[in-house]
Amino acid sequence: MAKSSSLNVRVVEGRALPAKDVSGSSDPYCIVKVDDEVVARTATVWRSLSPFWGEEYTIHLPLDFHHLAFYVLDEDTVGHDDIIGKISLSKDAIAADPRGIDSWINLSRVDPDAEVQGEICLDVQMLEDARGRCLRCHVLQARDLAPRDITGTSDPFARVFWGSQSLETSTIKKTRFPHWDEVLELREMPGSPAPLRVELWDWDMVGKNDFLGMVEFPPQVLQQNTPRGWFRLLPFPRAEEDSGGTLGAVRLKVRLTEDRILPSRHYQPLTELLMESVLGPAEEDTASPLAVLEELTSGDCRQDLATKLVKLFLGQGLAGPFLDYLTRREVTRTTDPNTLFRSNSLASKAMEQFMKLVGMPYLHEVLKPVINRVFEEKKYMELDPCKMDLGRTRRISFKGAPSEEHVRDASLGLLTGYLGPIVDAIVGSVGRCPPAMRLVFKQLRQCVEERFPQAEHEDVKYLAVSGFLFLRFFAPAVLTPKLFDLRDQHADPQTSRSLLLLAKAVQSIGNLGQQLGQGKELWMAPLHPFLLQSISRVRHFLDQLVDVNGEEEAGGPARALVAPSVIVREGYLLKRKEEPTSLATRFAFKKRYFWLSGETLSYSKSPEWQMRSSIPVSHICAVERVDEGAFQLPHVMQVMTRGAAGGLHTTYLQCKVRRRKDGAEGGPRVPSRPPPPGSLQNVNELNQWLSALRKASAPNPDKLAACHPGAFRSSRWTCCLQAERSAAGCSRTHSAVTLGDWSDPLDPDAEIQMVYRQLLLGRDQLRMKFQEDPNTDSSPEADAEKDSGATEGACPDALARQREAAGRLLEVLADLDRAHEEFQQREQQKAAPGPLGH
């Protein structure tokens, strides 16, 4: 039985942030850290005290993570970024509600003494001799301590307290992975039993020492089971300081999913029930397990459910029938074609998620060239007279006194200059659209044509398809390219306004011009001639799009979203020479272009270069970050491989840092900490490469449990200062820490487990809604409740089928409950309480 843990994190927006710049504003961004490791960085929102980020991350984690932290910082062009505040959430706080956290949370000030990380290894013994009791504390080593010095390291020593006595270890210079191997003995003094406290400090020649963390053991633990092993360092206990909202607040959505994935055979009955639903008639279906499941979900849960169901049916080769079933149900229940698919139904959400899972490479191919132009050219465009800045246009492009007409004409030319290539790219993309998407759109169109065959509804068959493809796929991607991975950064206010105008135009084209000239935005009228000319081309494109043969796709064999040979990530990295002879470390890294697929990590001098070198993915046994102090370079990772003879080989790669205009490598500075040597500009690129490599190598056996986060230079490891190249790794590996994205491999057992969890949340409602005996209560209130729970106009036979379906679902849930309980009991019998593992 496998275990999985994932965090779904959405950094929505901020409000009332303090101004950090002389302009009276800030340029805020947010860093997401799990157990003190940076896993994501939002884009910077320029010149805003109420930023909207809207960025979402799925972070796959080991089950033993402890806390999640969010730091909000102000990006500065010169110098180091200013920290505004932080939010810290413990694992217990996140897991308290299965639905997660969705609220505004005030930012707190950053307390340097609370910014601790790492673990310490101890072996404590209680001894007795003629002089009384003695506590022997063997301080072996520590790992992953916080960097407190300007070099990115620390000078740690340990201080042990027992009662009124204290002793110190020696200080080990310039390391975050110290090895002491020292034994400190303290005699028991008269009085009540005392706890044992071990503190770690960074020694400073000038000024006071910096706190690195502590562990404490109460007297009863010392008496019953003396500590031995690795222990997580904690800050000094103190009350959380409430800033009272003076630092602003951030709206967060965080949900933790921890599951034990059972063997596949246990999920087979539930999978079969869901498969039966899509293979039956969809019209008027209110009794199938899928129909019942839709009744039990709403809001964000419905979107999550849609994603899991789409992945589940993709894995079964039944995505086509699944989406056809949902759309037919919705079309059958719709009487007014103008409201078709306008709600956030399971059908709408499932179609959205399907397009993102299957169509993201297609979206990038179509839109990315024009989106890049908009960002790079930064042209001023405005059609709304209320928003025009005539003074700005005078400075930029006009001679003499500008007028609204001048601005409108110039903006119209620019907008059509961008819209033309967008429309050309879309209508010319029939052959590049994934066949699975085309087939789903074909089924959708046929269904709508059958439901609304009247001549006055001729456009409905087009609007049904364009409503998804244009309004829910292309237009949102134009509006917020960052959320669709089209850009690394959010747009600045001017570019954001340009994108909004373009998205409105794409939306109007998707609506086939039906709402042109209506509503409040009459200032869009200058664009109407161009939009009307584009509509006939879009109709022809939609006709071609659904002209596809491929019935075998609907019920074809199960397949992965991404074939092993498909490139899942590519780009320039700096690769360290195998055996550099130069003392200049920076020049030992050479620029190379890398491609990653499920089979190989290959590279060459440039994308066009014919000769390539490659590393088999099956040989990778660890992919980890490298401390900046190892090469005095930021954003370095190591790919460790095992050769045929069993020997280990390490390849060092650096994600290229984007320099600022002043040439500095800026970064956030935590108060009382030294500035880190590198910036966080490319932390997302580093995390994405780490995640992609870890996921590609996930099936490999014999993964390393520990490694060196430094490099072996000058006859010793830069991390732990060990003098032997073969010394055991001093830091744990993080193979389980990955970022979820559209290219994740399909995992049917994990998807169906989530469906089971969703059904558990609605089990009581399921019992009340579909399994009450109608003869048990004849009161008006009970009758009203039954009427509201049943489908309007449902006949007794339909209600009976609903109860039968609910009964089958409840029976399957009970079987899965028992299976989980049995596996949990076995685990508890095997598990023994102890310290942190190595």
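Fair warning: this is a prediction, and the values are worked out from it, not measured in the lab.
With hydrogens and angles disregarded, a donor-acceptor distance shorter than 3.5 Å links the side chain of Asp81 to the backbone of Asp76. Side-chain N or O atoms of Asp123 include none that pairs as donor or acceptor with a backbone N or O of Leu140 at under 3.5 Å. Gln654 places a side-chain N or O within 3.5 Å of a backbone atom of Pro634 that can act as its donor or acceptor partner. Put simply, the side chain of Thr169 gets close to the backbone of Ala158: a donor and an acceptor are under 3.5 Å apart. With hydrogens and angles disregarded, a donor-acceptor distance shorter than 3.5 Å links the side chain of His708 to the backbone of Ala727. Proximity of a side-chain donor or acceptor of Arg143 to a complementary backbone N or O of Gly118 within less than 3.5 Å is not detected. The main-chain N or O of Ser614 is never found under 3.5 Å from a side-chain atom of Ser602 such that the two would form a donor-acceptor pair. Between the Thr733 side chain and the Leu704 main chain, a donor and an acceptor come within less than 3.5 Å of each other. Between the side chain of Arg694 and the main chain of Val623, a donor-acceptor pair closer than 3.5 Å is present. Checking side-chain atoms of Lys590 against main-chain N and O of Lys605 turns up no donor-acceptor pair under 3.5 Å.
For the pair Arg136 and Val183, the minimum side-chain heavy-atom distance is below 4.5 Å. Annotation: side chain of Thr641 is in contact with side chain of His649 (closest heavy-atom distance under 4.5 Å). At a threshold of 4.5 Å between non-hydrogen side-chain atoms, the residues Pro147 and Thr153 do not count as touching. Side-chain contact between Pro219 and Val221 is absent, with no heavy atoms from C-beta onward closer than 4.5 Å.
Using a 3.5 Å distance cut-off with no hydrogens or angles, the side chains of Asn8 and Tyr57 do not pair a donor with an acceptor. With hydrogens and angles left out, the side-chain atoms of Gln638 and Thr651 include no donor and acceptor closer than 3.5 Å. Looking only at atom types and distance, the side chain of Asn209 has no donor-acceptor partner in the side chain of Arg148 under 3.5 Å away. His619 and Asn700 form no side-chain donor-acceptor contact under 3.5 Å, judged by distance and modelled atom types alone. At a cut-off of 3.5 Å, with distance as the only test, no side-chain donor of His635 or Glu685 sits close to an acceptor on the other residue. Side-chain contact check for Gln722 and Arg716: no donor-acceptor pair (N or O, by modelled atom type) lies under 3.5 Å.
Closest approach of Ile172 to Pro178, counting heavy atoms only: CD1-CB, 4.0 Å. Of all heavy-atom pairs between Ala696 and Val617, the closest is O-CG1, 3.3 Å. Residues Trp180 and Leu200 share a closest heavy-atom pair of CH2-CD2, 3.8 Å. When all heavy atoms of Phe631 and Ala711 are compared, the pair lying nearest together is CZ-CB, 3.5 Å. When all heavy atoms are compared, the tightest approach of Ala146 to Ser154 is O-OG, 2.8 Å. Phe157 approaches Asp202 most closely through the heavy-atom pair CE2-C, 4.5 Å.
For the pair Arg41 and Tyr29, the cation sits on the ring face: its NZ or CZ lies under 6.0 Å from the ring centre, inside 45° of the axis. In this structure, Arg197 is not positioned above the aromatic face of Trp162 in the sense of NZ or CZ being under 6.0 Å from the six-membered ring centre and within 45° of the axis. The cationic group of Arg569 lies under 6.0 Å from the six-membered ring centre of Trp689 and within 45° of the ring axis, placing it in a cation-pi geometry. By the 6.0 Å and 45° rule, Arg592 does not stack over the aromatic ring of Trp609.
Under a 4.0 Å N-O distance rule, the pair Asp155/Lys173 does not qualify as a salt bridge. Salt-bridge formation is detected for the pair Arg176/Asp627: a Lys NZ or Arg NE/NH1/NH2 atom is positioned less than 4.0 Å from an Asp or Glu carboxylate oxygen.
Rounding to the nearest 0.5 Å gives a distance of 10.5 Å between SG of Cys707 and CG of Leu648. Atom SG of Cys621 and atom CG of Asp702 lie 8.5 Å apart (nearest 0.5 Å). Atom CD in Glu199 sits 10.0 Å away from atom CD in Glu168 (nearest 0.5 Å). Taken to the nearest 0.5 Å, the CG atom of Leu256 stands 5.0 Å off from the CG atom of Leu7.
Taking the six-membered ring for Trp and the full ring otherwise, the centers of Phe712 and Trp717 sit less than 6.0 Å from each other. If you look at Tyr593 and Tyr603, their ring centroids are not closer than 6.0 Å. Ring centroids of Tyr652 and Phe589 are separated by 6.0 Å or more, keeping the two rings apart.
Among the candidates Glu119, Glu624, Glu37, the single residue satisfying the salt bridge (Lys or Arg N to Asp or Glu O under 4.0 Å) test with Arg732 is Glu119. Looking at Glu188, Glu185, Met126 one by one, the single match for side chain to side chain contact (heavy atoms under 4.5 Å, CB included) with Leu135 turns out to be Met126.
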Run the side chain to side chain contact (heavy atoms under 4.5 Å, CB included) test on Trp203 and Met205 for me, step by step, so that the C-alpha distance in whole Å, both residues' side-chain angles and the decisive distance to 0.1 Å come before the verdict.
CA-CA 7 Å; Trp203 178 83; Met205 180 178 293; 3.7 Å; yes

Side chain to side chain contact (heavy atoms under 4.5 Å, CB included) between Lys703 and Ser697: does it pass, once the steps are laid out?
CA-CA 9 Å; Lys703 291 287 194 60; Ser697 60; 4.2 Å; yes

